[in-house]
Protein chains: 2
Amino acid sequence: MDDGGAGGEPGTFAHDVLAVVLRITEAVPSVLLWQRAREPHLGRWALPGGRLGADEDVEASVRRHLAEKVDLAEVAHVEQLGVFSDPHRGPPPRRVATAFLGLVPTDADPAVPDDTAWHRVDRLPATAFDHGAITRDGLDRLRAKLSYTNIGFALAPDAFTVSELRDLYAAALGHRVSATNLQRVLTRRGVLVPTGATAAPGPAGGRPAAVFRFSEHVLRVTDPFAALRPPGDTG
Amino acid sequence: MDDGGAGGEPGTFAHDVLAVVLRITEAVPSVLLWQRAREPHLGRWALPGGRLGADEDVEASVRRHLAEKVDLAEVAHVEQLGVFSDPHRGPPPRRVATAFLGLVPTDADPAVPDDTAWHRVDRLPATAFDHGAITRDGLDRLRAKLSYTNIGFALAPDAFTVSELRDLYAAALGHRVSATNLQRVLTRRGVLVPTGATAAPGPAGGRPAAVFRFSEHVLRVTDPFAALRPPGDTG
DNA sequence: CCACGTTTTCGACCAGGAGGCGAAAACCAG
DNA sequence: CTGGTTTTCGCCTCCTGGTCGAAAACGTGG
């Protein structure tokens with residue numbers, strides 16, 4: 001079996017880390033992209049990332065590279081998506097990439113370099129390599145986790161009303177969400193707690209909304225999944 | 001930042017693929033391990049795998065390496081677990097590994113090389129590198145997916161009774177499972193279908209059990225997860 | 001200051017999913 | 001035919017989540 005490949009010893013490959021950084025803007029998810037200034041794929045938009053360093057694991061590496069594009073303090077959550085290793089996912093030399101999902105709250109608007117911008121996921125520009133597909137993977141992961149974890153904390157401000165949170169969830173999921181149900185589900189799971197404060201009504205009046213916050217700001221799988229629990233464990 | 005590292009160009013690393021191959025034996029999960037005959041970690045037990053090749057993606061690679069240890073036709077399911085990249089996960093030179101989960105049905109008993117054997121996960125021998133932790137990750141993944149996917153097809157024989165399937169699930173999950181509930185849940189989801197046949201009673205007599213099979217032999221997430229469905233989608 | 005529109009909140013209702021239990025069914029052995 | 005054994009099935013209950021509508025709590029305009 002040919003182990004050669006351009007540049008490098010047999011069985012070794014350039015390893016990149018990439019981040020799908022998502023944020024809800026204008027009632028729709030957006031992803032952080034930067035425009036390539038060199039070949040290959042000059043002018044196309046790519047995910048933030050870079051080479052894995054010698055003394056870091058992939059998560060440390062993606063945080064280091066991300067810090068060059070945004071203030072890391074604004075990124076509320078990071079998790080691994082998976083490995084993308086198709087030999088033809090880009091022009092030679094071959095590259096293997098570990099992709100991550102990153103989330104930024106709506107109230108944060110981190111400064112970004114000139115070559116970098118947020119792009120609505122429903123109107124992606126021409127993307128480099130397989131970064132379009134990786135972005136879709138990241139969005140799918142976010143949508144799945146919204147319903148069985150407390151991952152909303154990474155999209156929402158510290159304090160918010162139920163209506164605001166509903167709009168956030170609706171934007172991320174891509175369909176309408178009932179405020180009644182959202183509040184009940186999240187409260188019953190203990191991920192949503194009232195602060196006691198109330199928000200001022202809008203210009204048209206209306207009852208003042210209660211202000212909530214997430215009880216935890218680290219990811220927690222609230223549902224030990226549905227079926228086949230141990231006996232005596234009544235949900 | 002030092003990009004050197006032993007042997008290799010800056011930013012390139014040896015990339016391995018590894019497989020946590022699980023199979024239910026004697027009412028407990030076992031993992032396929034082989035005993036290292038060379039340093040480092042001579043004599044310790046390691047997961048099957050090897051170097052990523054130049055013309056294959058990681059999944060093709062893990063299947064190729066796995067074929068050296070077991071008949072691939074016996075492996076009913078393969079999926080990616082994630083990347084393990086701690087710089088100190090093993091002695092230098094540094095290696096990055098993509099781990100997979102593989103499942104073998106109980107009725108298959110593939111021939112394995114002399115250096116290879118099944119080991120109960122509750123009595124693991126001294127493992128090489130971080131392979132013990134990776135094995136635990138694989139088992140966790142299996143347990144989670146048993147409750148919200150049809151992944152049982154990869155552990156069970158083609159045909160089986162509900163009692164046999166209950167024992168299989170109980171072994172994999174590590175706790176008792178109700179046959180009544182198991183049959184109801186899986187049937188309602190449409191993953192379990194009766195063949196019409198019945199199995200002969202055991203030596204002590206008893207009502208003959210109906211024989212079932214899985215309706216599909218590819219992974220399917222049966223539960224579009226619990227909460228926050230689109231309106232009108234009544235579960 | 002009172003009627004009206006607006007927004008939020010809360011309770012009630014309903015369906016579906018899942019765990020628990022016991023009776024009935026279907027077999028074997030003596 | 002009686003007793004032991006195993007499987008199967010129906011019934012009950014709890015919990016979760018979707019839906020709806022009434023009530024609460026505001027502004028505004030007459």
Side-chain angles (χ1 to χ4, degrees), chain A residues 146-149 159-170 173 175-212 221-235, chain B residues 146-149 159-170 173 175-212 221-235:
Chain A
L146 276 174
S147 60
Y148 67 95
T149 73
F160 46 83
T161 69
V162 173
S163 297
E164 291 163 357
L165 191 65
R166 167 181 50 98
D167 293 343
L168 219 58
Y169 271 66
L173 290 170
H175 62 74
R176 273 172 298 122
V177 171
S178 150
T180 297
N181 205 35
L182 181 66
Q183 177 179 5
R184 176 180 32 202
V185 167
L186 295 186
T187 302
R188 183 154 42 200
R189 292 178 180 173
V191 313
L192 216 59
V193 294
T195 65
T198 59
R207 174 171 175 168
V211 176
F212 290 81
V221 178
T222 56
D223 198 88
F225 291 120
L228 308 176
R229 278 182 287 258
D233 188 352
T234 327
Chain B
L146 276 175
S147 61
Y148 68 95
T149 73
F160 47 84
T161 69
V162 173
S163 297
E164 291 164 357
L165 192 65
R166 168 180 51 98
D167 293 341
L168 218 59
Y169 272 66
L173 290 171
H175 62 75
R176 275 173 296 125
V177 171
S178 150
T180 297
N181 206 35
L182 181 66
Q183 176 181 6
R184 176 179 32 203
V185 167
L186 295 185
T187 302
R188 180 153 46 200
R189 292 177 179 172
V191 314
L192 216 58
V193 293
T195 66
T198 57
R207 174 169 174 170
V211 176
F212 291 81
V221 177
T222 55
D223 197 272
F225 291 117
L228 309 176
R229 278 182 287 259
D233 189 351
T234 327

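Quick note on labels: first sequence line is chain A, next is B, and so on, each numbered from 1.
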Check whether any side-chain heavy atom of His175(B) sits under 4.5 Å from a side-chain heavy atom of Val177(B), and report yes or no.
yes

From CZ of Phe160(A) over to P of dT8(C), roughly how many Å is that when rounded to an integer?
14 Å

Ser178(B) side chain N/O closer than 4.0 Å to the phosphate oxygens (OP1, OP2) of dG20(C)?
no

Can you tell me how far C1' of dT9(C) sits from CZ of Phe212(A), to the nearest Å?
9 Å

So which one's nearest nucleotide on DNA chain D is more toward 5', Val211(B) or Arg189(A)?
Val211(B)

Among dC9(D), dC10(C), dC26(D), the one nearest any side-chain atom of Thr180(A) is dC10(C)

For Asp167(B) and dT6(D), give me the distance from atom CG to atom P, rounded to whole Å.
12 Å

dC15(D) phosphate, OP1 or OP2: any side-chain N/O from Arg188(A) under 4.0 angstrom?
no

Check whether any side-chain heavy atom of Leu192(B) lies under 4.5 Å from a side-chain heavy atom of Phe160(B), and answer yes or no.
yes

Looking across every strand, which nucleic acid part, if any, lies under 4.0 Å from Ser163(B) by heavy atom: base, sugar-phosphate, or nothing?
sugar-phosphate

I want to check something: taking the side chain as every heavy atom from C-beta on, are Leu168(B) and Glu164(B) in contact at a cut-off of under 4.5 Å?
no

Between atom CG in Leu182(B) and atom P in dC9(D), what is the gap in whole Å?
14 Å

Got a donor-acceptor pair under 3.5 Å from the side chain of Arg184(A) to the base of dG11(C)?
no

Rounded to the Å, how far apart are Glu164(B) CD and dT7(D) C1'?
12 Å

Looking at dT8(D), dT5(D), dA18(C), which one has an atom nearest to any side-chain atom of Ala204(B)?
dT5(D)

Just compare dG10(D), dG17(D), dA25(D) and give me whichever is closest to any side-chain atom of Val185(A).
dG17(D)

Quick one: Leu192(A) CG to dG17(D) P, roughly how many Å, whole number?
14 Å

Please report the interatomic distance CG(Asp167(B)) to OG1(Thr161(B)), rounded to the nearest 0.5 Å.
8.0 Å

Classify Arg176(A) by what it touches in the nucleic acid, base, sugar-phosphate, or nothing, heavy-atom distance under 4.0 Å.
nothing

Could you state the OH-P distance from Tyr169(B) to dA18(C), rounded to the nearest angstrom?
12 Å

Just checking Ala210(B): base, sugar-phosphate only, or nothing, at a heavy-atom cut-off of under 4.0 Å?
sugar-phosphate

What is the distance from NE2 of His175(B) to P of dA18(C), rounded to the nearest Å?
14 Å

Side chains of Leu165(A) and Phe212(A): does their closest heavy-atom pair fall under 4.5 Å?
no

Please confirm whether the shortest side-chain N or O distance from Arg207(A) to OP1 or OP2 of dG5(C) is below 4.0 Å.
no

